[in-house]
Asks: 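There's a structure below that I have some questions on.
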Amino acid sequence: MGYKNGSFKFLMQLKIYPLLSTRSKRAMRRIKKTHRGYYGYFPRYNLLNRLCAELSMAESEVLIQIQKEREFLLKEQHGNLYPQ
């Protein structure tokens with residue numbers, strides 16, 4: 001599976017996504033629109049503590065990384081969700 005003319009697709013280094021369970025992965029990729037707006041992913045406190053310990057990162061850094069990875073996965077799966 002190659003790319004023509006030397007172009008390549010940038011793939012983000014996923015740190016947190018492979019460490020999640022199947023249910024957490026599904027929740028992270030969910031985009032269902034509710035009556036309040038779009039679904040937002042917020043990890044549970046126990047999961048956040050486990051990721052902080054495993055990755056030796058601060059809580060705020062883990063949350064930022066989760067947000068970046070979720071945005072990347074949604075763009076890969078559905079394209080641009082929020083046109084400007």
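The structure displayed is predicted, hence computed values, not measured ones.
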Asks: Are there more than 12 heavy atoms of other residues, nucleotides or ligands under 6.0 Å from atom NZ of Lys25?
Replies: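 Atom NZ in Lys25 is packed in, count exceeds 12.
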Asks: Please assess Ser24 against Tyr17 for the test side chain to side chain contact (heavy atoms under 4.5 Å, CB included), listing each intermediate value before the final yes or no.
Replies: CA-CA 9 Å; Ser24 295; Tyr17 189 73; over 6 Å; no
Asks: How long is the gap from CZ on Phe42 to CG on Leu63, to the nearest 0.5 Å?
Replies: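 Spacing of CZ (Phe42) from CG (Leu63) equals 10.0 Å.
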Asks: Measuring from Ser60:OG to Gln65:CD, what's the distance to the nearest 0.5 Å?
Replies: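 The CD atom of Gln65 is 12.0 Å from OG of Ser60, to the nearest 0.5 Å.
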Asks: Is the backbone of Gln77 close enough, under 3.5 Å, to the side chain of Arg29 for a donor and an acceptor to pair up by distance?
Replies: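 Absent.
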Asks: Does Glu59 reach the side chain of Cys52, with side-chain heavy atoms less than 4.5 Å apart?
Replies: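 Side chain of Glu59 against side chain of Cys52, heavy atoms only: contact under 4.5 Å found.
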Asks: Check whether Glu54 reaches the backbone of Leu51 with its side chain - one donor and one acceptor, N or O, closer than 3.5 Å.
Replies: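 Such a contact is absent between Glu54 side chain and Leu51 backbone.
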Asks: Applying a strict under-4.5 Å side-chain criterion to I, L, V, M, F, W and Y, I'd like to know whether Phe72 and Leu55 cluster together.
Replies: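 As far as the 4.5 Å side-chain criterion goes, Leu55 and Phe72 are connected within one cluster.
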Asks: Do you know which of Lys75, Gln67, Lys68 makes side-chain hydrogen bond (donor to acceptor under 3.5 Å, both in side chains) with Glu71?
Replies: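 Passing option: Lys75.
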Asks: Mind checking whether Met57 and Ile64 sit in one hydrophobic cluster, side chains of I, L, V, M, F, W, Y counted as touching below 4.5 Å?
Replies: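 No, because Met57 and Ile64 fall into different hydrophobic clusters, even though each may have its own neighbours under 4.5 Å.
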Asks: Using a 4.5 Å cut-off on heavy atoms from C-beta on, say whether the side chain of Val62 contacts that of Pro43.
Replies: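 In short, these two side chains do not touch, never coming nearer than 4.5 Å.
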Asks: Any sub-3.5 Å donor-acceptor pair from Glu69's side-chain atoms to Leu14's backbone N or O?
Replies: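 Not at all, since once roles are kept as given, no pair shorter than 3.5 Å links the two residues.
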Asks: Do the side chains of Met28 and Ile66 get nearer than 4.5 Å, heavy atoms only?
Replies: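 They are in side-chain contact.
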